[in-house]
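Numbering of ligands and ligand atoms starts at 1, following listing order.
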Amino acid sequence: MHAVVTGGGGFLGAHLCEALLRRGDTVWCLDNFSTSSPGNIAHLYSHPRFRPVRADVTAPFDVPEPVHVVAHLASPASPPDYDRLPLQTLAVGSRGTENALRLALRHGARFLLASTSEVYGDPATHPQPEEYWGNVNPIGPRSVYDEAKRYAEALASAYRRSRALNVGIVRIFNTYGPRMRPYDGRVVSTFIRQALEGSPLTIYGDGSQTRSFCYVDDLIRGLTAMADSGCAGPVNLGNPREHTVRELAELVLETAGSPSRIEYHPLPTDDPTHRQPVITRAREQLGWSPVISIEEGLERTIAWFANQSRQPDSASYRVRPAFLEA
Ligand code: UDP
């Protein structure tokens, strides 16, 4: 199979490229590296079936080979990233999605849209099944991501209905694992970095808000199962085990054996109060469910972060983005 992965240099994209190469596919990896690093895929450059291209998918693009699946993952995905890149986030969710859809249409390929649990906003229904339509503030700071992904779902669904494109939509819940950026601002990467540095863990609000964290290997298995299926979705992909942010902080401290203390900061605007996927559809239609516990996933992730921080050449790991200095 020939696959195109937009955002293939990102956290999930790089893991997906690796998984597809491992099973024998040819992979075109498109990325402009606005929120990712070429370092994520440097180890794949010499692979004979890997085709990395530096490209911004908000401009039309094509590949000079047959394409069987287009996995559209390109987008800033962390709240500080899309807060810093609001217009780019809207552009990649709208124009970028349309360009990726047109590529799939030209090649008669399956189109896999990486949507998000953010389409549920601050959910009034708990846990969240795919039938729930969401509770999103259309003008708040998170709206550039939430509404771009909601538009992307609408656009992909319109291509499915009006052009008979083979579309599959997955809604990805919080995912963590190796290759997250230590300064991406997300809770798991931030807590692990802080625990390893011995600096205070920064809980926003009182830490009673919840998330459900899925280990990256489980998530990638879900993505490939969806790519291989004819399922239209949307399908929730996530780990249904729910934790408060405070529980997560304690788990990270314990697993890392860290002496760090906990510090409380104001809650960001529109921060969802709880989030937990219903994954019945993924179980029934894809035969998928996560198998890696948070304890094991955190152990693996902490080991990876600790190793990265010891590498003399991991400059991209250590660099603190300028926007975080402000
Ligand atoms: N969070 C936190 N401290 C941090 C970073 C995040 O308490 O240093 C909180 C954040 O306010 C949210 C939760 O952790 O309630 C998950 O945040 P993240 O950005 O990882 O994901 P999202 O909000 O997009 O689910």
Query - NZ/NE/NH1/NH2 to OD/OE distance under 4.0 Å, R150 and E147 - result: yes
Query raised in the report: Applying a 4.0 Å heavy-atom criterion (strictly less than), which segment of H265 is in contact with ligand 1: side chain, backbone, both, or neither?
Result: neither
Query raised in the report: At a 4.0 Å cut-off, with the gap strictly under it, does some heavy atom of Q194 reach an atom of ligand 1?
Result: no
**Report entry** Sub-4.5 Å side-chain heavy-atom contact between T175 and F11
**Finding:** yes
Requested in this report: Within a distance under 4.0 Å of any heavy atom of P79, pick out the atoms of ligand 1 and give their elements.
Outcome: 19 (O), 24 (O)
Query - Proximal ligand 1 atoms for I203, defined as those under 4.0 Å from one of its heavy atoms - result: 7 (O)
Requested in this report: Decide whether an N or O pair under 3.5 Å exists between Q209 and ligand 1.
Outcome: yes
Query raised in the report: So, do Y82 and E118 sit near enough that their side-chain heavy atoms are less than 4.5 Å apart?
Result: yes
Query raised in the report: Would you call M226 and L112 a side-chain contact if the rule is heavy atoms closer than 4.5 Å?
Result: yes
Requested in this report: Indicate yes or no: does an N/O atom of N174 lie under 3.5 Å from an N/O atom of ligand 1?
Outcome: yes
Report task. Report yes if R211 has an N/O atom closer than 3.5 Å to an N/O atom of ligand 1; otherwise report no. Result -> yes
Query - Test item: Y120 and R171 side chains (from C-beta on) under 4.5 Å apart, heavy atoms - result: yes
Requested in this report: May I ask whether G185 places a heavy atom under 4.0 Å from ligand 1?
Outcome: yes
Query raised in the report: Is the closest basic N to carboxylate O distance between R51 and E65 below 4.0 Å?
Result: yes
Query - Proximity winner for atom 3 (N) of ligand 1, if only heavy atoms of D146, T116, T244, T202 are counted - result: T202
Query raised in the report: Which atoms of ligand 1 sit under 4.0 Å from any heavy atom of R275?
Result: 22 (P), 25 (O)
Report task. Write out the residue and atom name of the closest protein heavy atom to atom 24 (O) of ligand 1, then the distance separating them to 0.1 Å. Result -> R142 NH2, 3.1 Å
Report summary line: atom 13 (C) of ligand 1 has as its nearest protein heavy atom V245 CG2, 3.8 Å
Requested in this report: Give the residue and atom name of whichever protein heavy atom lies nearest to atom 10 (C) of ligand 1, and the separation in Å to one decimal.
Outcome: D271 OD2, 3.3 Å
Report task. Any atoms of ligand 1 less than 4.0 Å from a non-hydrogen atom of E118? List them with their elements. Result -> 24 (O)
Query raised in the report: Could an N or O of ligand 1 be found under 3.5 Å from any N or O of V187, whether backbone or side chain?
Result: yes
Report task. Check whether any side-chain heavy atom of D228 sits under 4.5 Å from a side-chain heavy atom of M1, and report yes or no. Result -> yes
Requested in this report: State, yes or no, whether a side-chain contact exists between L113 and V170 at a heavy-atom distance under 4.5 Å.
Outcome: no
Requested in this report: Output the distance between atom OH (Y204) and atom CD (Q209), rounded to the nearest 0.5 Å.
Outcome: 10.5 Å
Report task. With heavy atoms of T190 as the reference, note each atom of ligand 1 found under 4.0 Å away. Result -> 8 (O)
Query raised in the report: Between R106 and D62, is the closest basic N to carboxylate O distance under 4.0 Å?
Result: yes
Query raised in the report: Does the distance from a Lys or Arg side-chain N to an Asp or Glu carboxylate O, for D81 and R181, drop under 4.0 Å?
Result: yes
Query raised in the report: Is R186 touching ligand 1 with its side chain, its backbone, both, or neither, if touching means heavy atoms under 4.0 Å apart?
Result: both
Query raised in the report: If we only count N/O pairs under 3.5 Å, is Y204 in contact with ligand 1?
Result: yes
Query raised in the report: Are P272 and R142 side-chain neighbours, meaning at least one heavy-atom pair lies under 4.5 Å?
Result: yes
Query raised in the report: Strictly under 4.0 Å, does any heavy atom of S78 approach an atom of ligand 1?
Result: no
